[in-house]
Amino acid sequence: MNEAIPVIRDVDQGTARLLPDVDRERAWLLTVDGAPQSYVDLDDPGHLEFEYARRLGHVVDCAAAPGEPLDAVHLGGGALTLPRYVAALRPGSRQDVVEADLGLLALVSDVLPLPDGSGITVHAMDARAWLDARPGGSADVLIADVFGGSRVPAHLTSVEYARSAARVLRSGGVYAANLADGAPFAFLRTQLAAFSQVFADVALIAEPAVLRGRRFGNAVLVASHTELDTAALSRRTASDAFPARVEHGASLARLTGGARPVTDAEAVASPEPPDGAFSIG
C-alpha cells in the first residue's frame, strides 16, 4: 500500500493543504492558511470529526426519519463532509453544494472525488447569488457553512439573507448555520435576532464554555418554519463525544437581548477569531 502524502495547492482563498490522517487509512484533513476547514474519511463518510460538523449532523439526523432521503442545500463546500454524510446515511437524497472557491473545488475533485451516483451536484458560484435564484419551497434542509478565511461573509449575515433562506425551505424544512463568535456575542446576537424575525422557531447549539464567554468558538444556529424538536437535539448533543447545550425559548431570548437584525446595507462579516482559536500545528 502506498502511503498517502500531503497535498498543497494555492486556491482562491489562500493555501490549501490536504493532510492524511495517520490513524485512519483514507481520511484527510483540509486546512486553508492553517485553519482547519474539513475532515473527510472516504471509507466512512458517516464519521464526523469536527465538533461543529457533528452538531450539524445532529440537525440533519433530526430533520426526518432515519434513512429517509432529503433534498438538501449546502452553502459552502469545503471537502464536502456533510454532503457525503447525508448521501451515506440517506441514500437517494438530492443535494446541491454551492462553493465560490474554484481552486478548492478543483483540489477536492482531484484528490477526494465523489463516488458515482452520490446525488450531489456542485455549483461553482457565490452562495447568496445562487440562493436568491433558487426556486421557493425546494429544500428540506439548508446548511450554511461559509467562511471567507475565518469569517462569515457580510452578505450571508443580513435579514434579507435570512428571508431568502426561509423562502427556499419547505414548510417543515430546517436551516442550520455554522457561526463563530465570542463574548459579548455582538455578531451572534444579530444573527439570532434576524432569524427569529423570519422563522417561527430558532435554537442555538454550542459548547457551554463558549456560551459562558470563556472562549471564542463555533455555534450552530438552527431555524424552522415549524416547531423544532429541541428535546431530540438536546439528547443527541448532550450525549455526544463533544457535549454541547441547546439554547431555546426563554434562555435564547435572554442571549439575544435587545439585538436587532442587520440589513444588507449595514451588514459586516463575523469577527476575526483570536490568534490560535482555530489553527493547528
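Computed from heavy atoms alone, side chains included, the values below leave out hydrogens, waters and symmetry copies.
Between the OG1 atom of Thr157 and the CD atom of Glu266 there is a distance of 9.5 Å, given to the nearest 0.5 Å. Note: His248 NE2 to Thr230 OG1 = 4.5 Å, rounded to the nearest 0.5 Å. Note that CZ of Arg167 and CZ of Arg134 are 9.5 Å apart. Values are rounded to the nearest 0.5 Å.
With hydrogens and angles ignored, the 3.5 Å screen pairs no side-chain donor or acceptor of Asp145 with any backbone N or O of Gly76. Between the Asp71 side chain and the Asp140 main chain, no donor and acceptor come within less than 3.5 Å of each other. Of the possible polar contacts, one joining the His225 side chain to the Ala166 backbone as a donor-acceptor pair under 3.5 Å is found. Between the side chain of Ser118 and the backbone N or O of Leu114, no donor-acceptor pair lies under 3.5 Å. At distances below 3.5 Å, not a single donor-acceptor pair connects side-chain atoms of Asp21 with backbone N or O atoms of Trp28. Side chain of Ser224 to main chain of Glu227: no donor-acceptor pair is present (N/O by atom type, distance under 3.5 Å, no hydrogens or angles). Counting only distance, with no hydrogens or angles, the side chain of Gln95 and the backbone of Ile120 share no donor-acceptor pair below 3.5 Å. Distance alone, capped at 3.5 Å, is enough to place a donor-acceptor pair between the Arg55 side chain and the Phe242 backbone. The closest donor-acceptor contact from the side chain of Ser109 to the backbone of Leu105 lies at 3.5 Å or more, if one exists at all. Panel note: side chain Asp240, backbone Pro243; no donor-acceptor pair is recorded below 3.5 Å.
Taking the charged nitrogens against the carboxylate oxygens, Glu49 and Arg54 have no contact shorter than 4.0 Å, which rules out a salt bridge. For the pair Arg236 and Asp61, the salt-bridge criterion is met [side-chain N within less than 4.0 Å of a carboxylate O]. Ionic pairing of Arg128 and Glu160 is not present here: no N-O contact between side-chain nitrogen and carboxylate oxygen is shorter than 4.0 angstrom. Salt-bridge formation is not detected for the pair Asp44/Arg84: no Lys NZ or Arg NE/NH1/NH2 atom is positioned less than 4.0 Å from an Asp or Glu carboxylate oxygen.
Counted by atom type alone, His123 and Asp96 present one or more donor-acceptor pairs between their side chains at under 3.5 Å.
Within 6.0 Å of the CZ atom in Arg9, the count of heavy atoms belonging to other residues, nucleotides or ligands exceeds 12. Annotation: Arg24, atom CZ; neighbour count of heavy atoms from other residues, nucleotides and ligands within 6.0 Å is above 12.
Using a 30° and 60° split on the angle between ring planes, Phe195 and Phe199 fall in the parallel class, below 30°.
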